[in-house]
Student: 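Please see the structure below; I have some questions.
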Amino acid sequence: MFEFLVTTSKGLDELLAQEIKKLCPQLSVKTKPGQVLFSGDIEQAYRICLWSRLANRVMLKVAEGHVDSADDVYQITSSVNWTSHFKIDNTFVVDFVGASHCINNSQFGALKIKDAVVDQFNELFESRPSVSKIEPDIRIQGRMWSDKLTVYLDLSGHSLHQRHYRTKTGLAPVKEHIACAMLYRSGWAQDTTQPLLDPMCGAGTIAIEAALMAANTAPGLKRERWGFSQWLQHDPSVWQDLIAQAESSIVQANCTILASDIDHGVVSIAKENADAAGIFSAITFNTIDACKVIPPKGTSTGYLVSNPPYGERLSEITALLPLFQTWGASLKVHFKGWNLSLLTSNRDLLRSMKMFANKEYKLMNGKLECQLVNFVLDEKNCITKEASLSNNDFANRLTKNLKRLNKWLKTENTNCYRIYDADLPEYNVAIDRYGDWLVVQEYAAPKNVPEAKAKRRLHEVIVALPQVLDVPSENIVMKVRAQQKGKSQYEKVAQKQKMLEVFENGAKFKLNLTDYLDTGLFLDHRITRQLVQQRAKDKDVLNLFAYTGSVSVHAALGKAKSVTTVDMSNTYIDWAKENFALNNLKGAYEFIQADCLTWLERHNNQYDFIFIDPPSFSNSKRMDTTWDVQRDHLTLLSNAVKCLRPGGEIMFSNNLRQFKLDEEGVSKLGLRIQNITQKTLPEDFKRNPKIHGCWVLTLDV
């Protein structure tokens, strides 16, 4: 009798134990999370390798012992007669799982086992087998739990979920053994004569595994290389008998299996995989939107089993929530009487389908914690109710804001403005409109708000926006705004390059709604830019920390004599040039890429008007030192004064909410101070009076 360990994904151990009992009824098994243990003979281990649809690895225990020091790992491994398991000209590799007080690194644990193996061969033959991580003949695994080490010989070699028919995969594929678990848990595997449908089939794994089940095809038949192939105690005759039995057990699949996807490319991949698996004729493939799929004619019941997109990224949720709502409504109309099983790592997406779950199972799909959720599309679940926003606090506040802003917008000349800014604490987002687009910025939730609750509130926002604002969901951009430092708000967060042209008080600007945390235009400075335009006529204007040059554009439109635009980023200097070109501005306009602090300190040209809107903090690699606006603003202003003509003005602004201007220090520079913050707050930002501070500092003549 041997002792074996069979591994699987966490959440599938009980299901695996049931499968092993069915394959080998005489066995007594014990389960642990992600594991099944049993004592048996080698024929039973071979049978599980060949037939298990849920296992990852089948391993034979060769040694076990307590570990008090790293040397104990070596001694336990040395107790095995390795020459009875493989030859000196075989290659091997060691895997190590777990840790203890003396083995806290898996590589170190694997090294101690490897040393014990090769030292044994060296002592006997003065030579040793080679280690190979690529297709080794023998795979050894050490598993540490608390102070106990168990050493195994891996009989499976590669993970058993690899059936060797998947030539390609789509995005976020479901592993083969997970697909089988879904089919078992859905109930279809117990009644394969029922129709099966996967309307988001991707690479076709669920449909292919279903067809292999229906044909009674052993999942390991196509595997040519096993962990026991070069094992010296391997019994080829027993193995070949099992292979012959498995081949003779294959039957013609007698069921209806349909697989479809909206992406023609992934359907082609699914077809290739089905052909490689030898069951292409058992599956009907189609390219169609899941929301338009209907059951095959003449069927009143069946199973719909699928692995729909989870929406791991915030930007994906915007499109997925309305998709799931539409899909749910379609299922209620067309699939009455069917059973529905969906795998997800985002349970809230399934809640948007407005159905009651019959059963839920937790499992791991790779590194993702997922749930398999079963629904019965009975009379209760097929009631379709229009989603009402009348009792939704967020939707009501949004409607109220729109009513108030619409009166104000009639007096404004812009198509970009803020609609909502965390008015309700539980809906902690800011919403800006740019033409026909919305940018939703989720503020990091307070620590006392559970993550699940914050996510659910955000989903309510996403659902309400298209209905209240009449904006299609594909025109909604989602972002997460945490506390920013320095120029981190300007750093790239995506590569979509969704460019948009907007207008504001006679100026036009090119914006990027997706790739940066900010879009290229600070909406709270709308009035500030107007004031610059009004003051700029016939003046030499300097714009420091210019970002995309929007203030410079307004200065030029105000008929400034000259405009000098300075920013540390080449990207934003080029962006500023594009904004000038967009407004057909040509003249004495200079664009300089430089660290504004160093550049200003060394600069000696004179200007009539200087606009300064620095970051709160910066530690950019391009700077010689760090920048803190509270600590360093007086030094910055003293350098700016050197470049200011008598009677000239500095407009100084920043967004640090706790900022206090050093009025005494500023006065000593010969500057008169006028706080114009309240005058620069647009109507759509008045709810947050600390969004920025703004001062006009005038140099006495």
Student: Are any non-hydrogen side-chain atoms of E683 and E412 less than 4.5 angstrom apart?
Tutor: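 The answer is no; the side chains never approach within 4.5 Å.
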Student: Near E369 CD, under 6.0 Å, is it more than 12 heavy atoms from other residues, nucleotides or ligands?
Tutor: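 Incorrect, the count does not exceed 12.
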Student: Do any N or O atoms from the side chain of W408 and from the backbone of D684 form a donor-acceptor pair under 3.5 angstrom?
Tutor: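 Such a contact is absent between W408 side chain and D684 backbone.
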Student: Which atom pair, heavy atoms only, marks the closest approach of A555 to V532?
Tutor: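 Taking A555 first and V532 second, the nearest heavy atoms are CB-CG1, 4.0 Å.
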Student: Distance check, rounded to the nearest 0.5 Å: C596 atom SG versus W627 atom CH2?
Tutor: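 Reported value, rounded in 0.5 Å steps: 10.0 Å.
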Student: Quick one: does S667's side chain have a donor or acceptor within less than 3.5 Å of a partner on E663's backbone?
Tutor: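 Checked: pair present.
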Student: With a 4.5 Å cut-off on side-chain heavy atoms, are L521 and C416 touching?
Tutor: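 SC-SC contact between C416 and L521 confirmed.
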Student: Please find the pair of heavy atoms, one from L634 and one from G665, that lie closest to each other, and give the distance.
Tutor: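 Smallest heavy-atom distance, with atoms named: CD1-C, 3.5 Å.
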Student: Does Q325 use its side chain to pair, donor to acceptor, with the backbone of M353 at less than 3.5 Å?
Tutor: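 Judged by distance alone, no pair lies under 3.5 Å.
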Student: How long is the straight-line distance from CZ of R433 back to CG of L469, given to the nearest 0.5 Å?
Tutor: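 Answer for the CG-CZ pair, L469 versus R433, is 6.0 Å.
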Student: Counting C-beta onward and ignoring hydrogens, is there a side-chain heavy-atom pair between M355 and L331 closer than 4.5 Å?
Tutor: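 Side chain of M355 against side chain of L331, heavy atoms only: contact under 4.5 Å found.
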Student: Below 4.5 Å, heavy atoms only, C-beta onward: do L637 and W695 meet side chain to side chain?
Tutor: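 No. Closest side-chain heavy atoms not under 4.5 Å.
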Student: Partners of D540 by side-chain hydrogen bond (donor to acceptor under 3.5 Å, both in side chains), sequence neighbours excluded?
Tutor: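 Result, side-chain hydrogen bond (donor to acceptor under 3.5 Å, both in side chains) vs D540: S562, R645.
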Student: Any side-chain heavy atom of L458 sitting closer than 4.5 Å to one from I462?
Tutor: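 In short, these two side chains touch, coming nearer than 4.5 Å.
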Student: Please step through salt bridge (Lys or Arg N to Asp or Glu O under 4.0 Å) for the pair E460 and R456, ending with a clear verdict.
Tutor: CA-CA 6 Å; E460 290 180 29; R456 198 164 299 168; over 6 Å; no
Student: Run the numbers on L600 and L544 for side-chain contact (heavy atoms from CB on, under 4.5 Å), then give the verdict.
Tutor: CA-CA 9 Å; L600 185 62; L544 295 171; 3.8 Å; yes
Student: Where do Q674 and K679 land on the side-chain contact (heavy atoms from CB on, under 4.5 Å) test, with the steps shown first?
Tutor: CA-CA 11 Å; Q674 181 184 6; K679 295 179 181 178; 3.7 Å; yes
Student: Between H554 and T528 (side chain of the first, backbone of the second, donor and acceptor by atom type, cut-off under 3.5 Å), is there such a pair?
Tutor: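 Not a single qualifying donor-acceptor pair exists.
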Student: Might you confirm whether atom CG of D470 has over 12 heavy atoms from other residues, nucleotides or ligands at distances under 6.0 Å?
Tutor: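 No, not enclosed.
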Student: Quick check: does any side chain N or O of T519 sit under 3.5 Å from a backbone N or O of N512, one acting as donor and the other as acceptor?
Tutor: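 The answer is no, because no donor-acceptor pair under 3.5 Å joins these two groups.
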Student: Begin with the C-alpha distance, continue with both residues' side-chain angles, and end with the deciding distance and a verdict on side-chain contact (heavy atoms from CB on, under 4.5 Å) for L531 and I676.
Tutor: CA-CA 10 Å; L531 293 175; I676 62 168; 4.0 Å; yes
Student: Mark yes or no for whether N579, through its side chain, and T548, through its backbone, hold a donor-acceptor pair below 3.5 Å.
Tutor: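 Side chain of N579 to backbone of T548: a pair is present.
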Student: Considering all heavy atoms of both residues, which atom of T344 and which atom of N346 are nearest to each other, and what is their separation?
Tutor: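 In this case the closest contact between T344 and N346 is OG1-N, 2.9 Å.
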Student: Distance check, rounded to the nearest 0.5 Å: F685 atom CZ versus I527 atom CD1?
Tutor: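 So the CZ of F685 and the CD1 of I527 are separated by 10.5 Å.
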Student: Within the 3.5 Å criterion, strictly below it, is a donor on H459 or S352 matched to an acceptor on the partner's side chain?
Tutor: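 Note: H459 and S352 side chains miss the donor-acceptor criterion.
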Student: Would you say K539's side chain and R535's backbone share a donor-acceptor pair under 3.5 angstrom?
Tutor: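 Between the backbone of R535 and the side chain of K539 there is a qualifying donor-acceptor contact (under 3.5 Å).
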Student: Nearest 0.5 Å please: distance from the CG atom of L405 over to the NZ atom of K400.
Tutor: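 So the gap between those two atoms works out to 12.0 Å.
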Student: Is the number of heavy atoms from other residues, nucleotides or ligands under 6.0 Å of K510 NZ greater than 12?
Tutor: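 More than 12 within 6.0 Å, yes.
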Student: Over all heavy atoms of both residues, which pair between G549 and F580 is shortest? Give the atoms and the distance, please.
Tutor: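 So the minimum-distance heavy-atom pair works out to O-CE1, 4.2 Å.
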Student: A side-chain contact here means heavy atoms from C-beta on lying under 4.5 Å apart; do K292 and S330 qualify?
Tutor: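 Contact flag for K292/S330 side chains = no.
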Student: Using salt bridge (charged side-chain N to carboxylate O under 4.0 Å, His left out) as the criterion, point out the one residue from K479, R418, R526 that pairs with D432.
Tutor: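 With D432 as partner, salt bridge (charged side-chain N to carboxylate O under 4.0 Å, His left out) holds for just one option, R418.
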Student: How close do A640 and I610 get, heavy atom to heavy atom, and via which atoms?
Tutor: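 Where A640 meets I610 most closely, the heavy atoms are O-CD1, 3.6 Å.
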Student: Quick check for you: to the nearest 0.5 Å, what is the distance between M568 atom CE and W599 atom CH2?
Tutor: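 Separation between the atoms: 14.5 Å.
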Student: Look only at the side chain of S653 and the backbone of G693, and say whether a donor-acceptor pair between them is shorter than 3.5 Å.
Tutor: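 Indeed, once roles are kept as given, a pair shorter than 3.5 Å links the two residues.
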Student: Within this structure, what is the SG-CG distance for the pair C291 and D289, rounded to the nearest 0.5 Å?
Tutor: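 The distance works out to 4.5 Å.
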Student: So do V471 and W437 actually touch side chain to side chain, heavy atoms under 4.5 Å?
Tutor: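 The answer is no, as the side chains (C-beta and beyond) never meet within the 4.5 Å cut-off.
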Student: In terms of relative ring orientation, are Y420 and F394 parallel, tilted or perpendicular, with 30° and 60° separating the classes?
Tutor: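 Plane angle over 60°, so perpendicular.
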Student: So among Y516, F522, F509, which one has a ring-ring contact (aromatic ring centres under 6.0 Å, His included) with Y547?
Tutor: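 Answer after filtering Y516, F522, F509: F522.
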Student: Between T677 and N675, do the side chains contain a donor N or O and an acceptor N or O under 3.5 Å apart?
Tutor: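 Result is yes, a qualifying pair exists.
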Student: Measure the acute angle between the ring planes of W575 and Y572, then classify it against the limits of 30° and 60° as parallel, tilted or perpendicular.
Tutor: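 Geometry flag for Y572 against W575: parallel rings.
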Student: Indicate yes or no: at least one non-hydrogen side-chain atom of F659 is less than 4.5 angstrom from one of H633.
Tutor: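 Yes, their side chains come closer than 4.5 Å.
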Student: Apply side chain to side chain contact (heavy atoms under 4.5 Å, CB included) to D436 and list each qualifying residue two or more places apart in sequence or on a separate chain.
Tutor: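 Partners of D436 by the side chain to side chain contact (heavy atoms under 4.5 Å, CB included) criterion, ordered by chain and then number, come out as N475.
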Student: Is the backbone of I573 close enough, under 3.5 Å, to the side chain of D567 for a donor and an acceptor to pair up by distance?
Tutor: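 Pair absent, no side-chain N/O of D567 close to backbone of I573.
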Student: Taking all non-hydrogen atoms of both residues into account, name the closest pair between P614 and V629 and its distance.
Tutor: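 Heavy atoms of P614 and V629 come nearest at CG-CG2, 4.0 Å.
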Student: With sequence neighbours excluded, what pairs up with D700 under the side chain to side chain contact (heavy atoms under 4.5 Å, CB included) test?
Tutor: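 Expected list: R672.
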Student: Run Y607 and V541 through side-chain contact (heavy atoms from CB on, under 4.5 Å) and show every step you take.
Tutor: CA-CA 6 Å; Y607 300 90; V541 176; over 6 Å; no
Student: Going through the distances and angles, do D421 and R687 end up as a salt bridge (Lys or Arg N to Asp or Glu O under 4.0 Å)?
Tutor: CA-CA 8 Å; D421 192 0; R687 187 182 170 276; 5.5 Å; no
Student: For L585, does its backbone N or O pair with a side-chain atom of N583 as donor and acceptor, under 3.5 Å?
Tutor: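 Checking the backbone N and O of L585 against the side chain of N583, no donor-acceptor pair under 3.5 Å is found.
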